[in-house]
Amino acid sequence: MTGFIEAGAVISLISGVISITEATKTVYDATKDAKGQPDAFRQVAARLPLVNDILQISKERVQTLDMSAQDSLRPLLQSCNKKAQDLQKLFQRVIRKDDDKWYDRYKKALGTLGKGAKVECLMEGILLDIQVLACERLTGAVTNAQMKELEEAINEMEKMPTSLPDEARSVHLTHSGSGDSVCIADQGTASFHKGSGDIYVISGGATIGPPINPTSHISIDNQSHQTNLQVGNLLKDLRETDPRLDKKRIEETKEGLIEDSYRWILENLEFQQWHNDPQSQLLWIKGDPGKGKTMLLCGIINELEKPMAETHILSYFFIEAIDLRSNTPTAVLRGLLYMLIDQQPSLCSHILKKYEHAGKALFEDKNAWVALTEIFTNILQDRSLNAYLIIDALDECIADLPKLLHFIVQTSSISSRVKWIVSSRNRPDIEEYLKMAGQKVRLCLELNAESVSTAVSAFIQHRVLRLATTKMYDDKTRDAVLEYLSLHAHNTFLWVALVCQNLEEISRWNVIKRLKEFPPGLDSLYKRMTEQIYKSDDASLCNQILALIATVYRPITLKELTSLVEMLDDIRDHLKSLRDIIGQCGSLLTIRDDTIYFVHQSARDFLFTDAFEKIFPSGIEEAHYTIYSRSLKVMSEKLHRDMYSLSAFGYPARSIEQRDPDPLAASRYSCIYWIDHLQAWNVNCSGNQRVDLQDGGAVDSFLQGKYLYWLEALSLCKSMPTGIVSITKLQSIVQRQSDASGLIELVQDARRFTMYHKGAIENILLKV
């Protein structure tokens, strides 16, 4: 009997929403041809039949659900019912056939219901509820066409200009040529621009000529609001990382930028030629590892920012090999575009049309590079653009470096108003490409040894003075350290920094006799550091950590580290102990904001060359397998339904902020990259090692038990696009397994499910 009561209650809720939306549509239809009715109400009313069609299907299907499923629908339908009632009230109070004074009535109605009850907000909420309903319990009943229409309707409501513009409205009009241009606003400010350039600002209630219909202001304001909204969404989707924050992090990691270590370049003839000669568009700064190229560019950025605030904009990007988010050509262009558009929003005109059609996929799908290069080229040709573009560490672009080099060569001479600076190590392949660039200047650090030596000397003076102060050196010790560093630095900033970092751990009375333990040359110093690690009590643990940090696809946090290294299980909640252990890794690693980085790319390079056999005794594939298997373990333990305790259906994903403490803190990396590590291991593994990929194996078990929770986690991590790519990779991996027909079918079904519902999963939480 209880089951019939539950079903009746749910059906009653559905019927109630249908009745309310039908009545709302009737109100609008009776007045839809009346003069001056608002566009927002028309667009909302046009979507009501879709809501009713899907709800009619719901009524027929709800009786086939069990009692728990029926009961789970009630909060969702109650929420939908409340929104529908508020929407009906707005239509009844605002829409009139006999006049067009809807704005005042609308404003008054929202004063009662709240500005969050604007018609487009209510309709978006209803559509999201319907989408949850269709994806949660009615899979297969709703047609593909209806699902597509539903997705389009949600996007339409999300992008719709506000239906209630701000009270203080303003109109901005740009006019050039010989005629007069007059623009009056009844509130706020307006411009009167007379052909040759005189501008008069008229504010308050002043008017010239006939009264202006207030709806014209609303139309212009709506366009402005819509553009601002589009630019905001565009920047959000374009941003993979903020180069300005990267610069700050890099400078902090290297313990600050010292002006005396870079100012020499401002007087350098090659730099001045690039800066002052209109025909010199591209400056290539090259040098060996540790010569201070990145900090040199940080200094150049600081100097270029000073005089150009009103004439030029500056966009830059730091390529970092260890991070997938910043080591590809696509990432470079996204970063440069992000800074350009953020500073000069008018440039978005070159991208909005494509973005409106594709959304974030424009920057992430298989054609992203093609789209971005076309957009970037168009922006470079924009006559309003005066800019400096700076790219650091071309050699750290891991994938498709030739594509990036070719693009730089082809575009660096497009506009005389745009100048480029790039930096890299001394590499023949980069030289081969960049020598084809016209109007370029090459600045080799090795050929400027005297200037670099002076800069390194200033850096040594700074670091030794700080050491002497903090460690309370006497004059003899201070002078001995200064002399040793000056004799053995060989114009390498990084070598000086690493030795000073090690000296900080040595008692001042032992400093002089231990100075010779630090051999000249980066590789020799790295070798000494790793030898010290192998002699320590924590040698095995440090080796595992170094192998892990060298293998991961982005820098990981301390919390993520504990989930990926078995030996750290007992101290996963003791961050101080974790920091101490990282400190035992021979100064090869550093920590910034609880995230672990290599001190320099050359340290990672050393582990993959000179120290490879010790760091990876079983090969790099085994390191990938360890990360993959530990990732499955932590996800199996940590992932569950409603990880952020939202306790509500249809929670908008864009409203979710990362929790503190974060339930996903230890598993974020694993959720995003476990399939990448599986792929890297699986490429070369032998048949008897592939038990994980058999029916009933580790992957099969994880997908059977945790797949939907994994999708929820990806949504919380704002990484659904990555997840879609990953599940496609997984399908490719398992299809090579001849004895895993069940797993192959499971992965195919999982991919189809994800592709079909990707929009809903990205936008709505608690669907699983």
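Atom set for the values below is all heavy atoms of this structure, side chains included, hydrogens, waters and symmetry mates excluded.
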Exercise. Take His624 and Tyr628 through the ring-ring contact (aromatic ring centres under 6.0 Å, His included) test and state the conclusion after the steps.
Key: CA-CA 6 Å; His624 282 294; Tyr628 141 73; over 10 Å; no
Quiz item: Could you walk me through whether Asp392 and Ser423 pass the side-chain hydrogen bond (donor to acceptor under 3.5 Å, both in side chains) check?
Solution: CA-CA 5 Å; Asp392 179 52; Ser423 74; 2.6 Å; yes
Quiz item: Going through the checks in order, is the side-chain hydrogen bond (donor to acceptor under 3.5 Å, both in side chains) test met by His490 and Thr492?
Solution: CA-CA 5 Å; His490 297 172; Thr492 305; over 6 Å; no
Quiz prompt | Trace of the salt bridge (Lys or Arg N to Asp or Glu O under 4.0 Å) decision for Glu320 with Arg249 | solution = CA-CA 12 Å; Glu320 297 179 88; Arg249 168 179 54 80; 2.7 Å; yes
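With hydrogens and angles disregarded, no donor-acceptor distance shorter than 3.5 Å links the side chain of His275 to the backbone of Phe271. Panel note: side chain Gln272, backbone Leu266; a donor-acceptor pair is recorded below 3.5 Å. Within the 3.5 Å criterion, the main-chain N or O of Ser415 finds a donor-acceptor partner in the side chain of Gln281. Side-chain atoms of Thr328 come within 3.5 Å of backbone atoms of Ala331 as a donor-acceptor pair (strictly under, hydrogens ignored). Between the side chain of Arg659 and the backbone N or O of Ala665 there is no donor-acceptor pair closer than 3.5 Å. A side-chain donor-acceptor contact under 3.5 Å links Gln343 to the backbone of Leu314. A donor-acceptor pair is defined here as one N or O able to donate and one able to accept, closer than 3.5 Å; such a pair exists between the side chain of Ser563 and the backbone of Ala666. Listed for the Arg425 side chain is no donor-acceptor partner under 3.5 Å among the backbone atoms of Pro289. Using modelled atom types, no side-chain atom of Lys614 and backbone atom of Leu607 make a donor-acceptor pair closer than 3.5 Å. Looking only at distances, a side-chain donor or acceptor of Glu560 sits under 3.5 Å from a matching main-chain atom of Thr557.
Between Lys559 and Asp662 there is no salt bridge, since no side-chain nitrogen of the basic residue lies less than 4.0 Å from a carboxylate oxygen of the acidic one. Under 4.0 Å is where a charged nitrogen must lie from a carboxylate oxygen, and between Arg325 and Asp246 no such pair does.
The shortest side-chain heavy-atom distance between Trp284 and Ser424 falls under the 4.5 Å cut-off. Between Ile430 and Leu405 the shortest side-chain heavy-atom distance falls below 4.5 Å. Side-chain contact between Leu380 and Leu389 is present, with at least one heavy-atom pair separated by less than 4.5 Å. Side-chain contact between Tyr433 and Asp429 is absent, with no heavy-atom pair separated by less than 4.5 Å. Counting only heavy atoms from C-beta outward, the side chains of Leu394 and Leu434 approach each other to under 4.5 Å. The shortest distance between side-chain heavy atoms of Leu568 and Ile581 falls below 4.5 Å.
For the 3.5 Å distance criterion, the side chains of Thr477 and Asp474 qualify, holding a donor opposite an acceptor. In this structure, a donor-acceptor pair under 3.5 Å is present between the side chains of Tyr669 and His677. Lys247 and Asn302 share a donor-acceptor pair across their side chains, judged by distance under 3.5 Å alone. Side-chain atoms of Glu303 and Tyr262 include a donor-acceptor pair closer than 3.5 Å.
Within a 6.0 Å radius of CD in Glu504, more than 12 heavy atoms belonging to other residues, nucleotides or ligands are found. When the shell of 6.0 Å around CG of Leu487 is examined, it contains more than 12 heavy atoms from other residues, nucleotides or ligands. Residue Lys360 places its NZ atom among more than 12 non-hydrogen atoms of other residues, nucleotides or ligands, all under 6.0 Å distant. Applying the 6.0 Å contact sphere to CG of Asn276 captures more than 12 heavy atoms from other residues, nucleotides or ligands. In this structure, Asp569 places its CG atom where more than 12 heavy-atom neighbours from other residues, nucleotides or ligands lie under 6.0 Å away. Environment of CD in Glu252: crowded, with over 12 heavy atoms of neighbouring residues, nucleotides or ligands closer than 6.0 Å.
Taking each heavy atom of Ser451 and Trp264 in turn, the nearest pair found is CB-CE3, 3.4 Å. Summarising the geometry of Ile390 relative to Leu336, their closest heavy-atom pair is O-CD2, 4.0 Å, with the distance given to 0.1 Å. Between Ile379 and Leu385, the closest heavy-atom pair is O-CD2, 3.4 Å. Minimum heavy-atom separation, Ile285 to Leu296: CG2-CD2, 4.1 Å. Between Phe317 and Gly335, the shortest heavy-atom contact is CD1-CA, 3.7 Å. Across all their heavy atoms, Asn327 and Ala321 have their closest contact at ND2-O, 2.9 Å.
Ring centroid separation for the pair Tyr388 and Tyr316 does not come in under the 6.0 Å cut-off.
A cation-pi arrangement is present between Lys419 and Trp274 under the rule of less than 6.0 angstrom and at most 45 degrees off the ring axis.
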Compile the donor-acceptor pairs under 3.5 Å between side chains in residues 514-524 and protein atoms, sequence neighbours left out, one pair per line.
from	atom 1	to	atom 2	distance (Å)
Arg514	NE	Glu517	OE1	3.3
Arg514	NE	Glu517	OE2	3.2
Arg514	NH2	Glu517	OE1	3.3
Glu517	OE1	Arg528	NH2	2.8

List the atom pairs, donor and acceptor, that lie under 3.5 Å between side-chain atoms in residues 460-467 and the rest of the protein, sequence neighbours left out.
from	atom 1	to	atom 2	distance (Å)
Arg463	NH2	Glu255	OE1	3.4
Arg466	NH1	Glu255	OE1	3.4
Arg466	NH2	Glu255	OE1	2.1

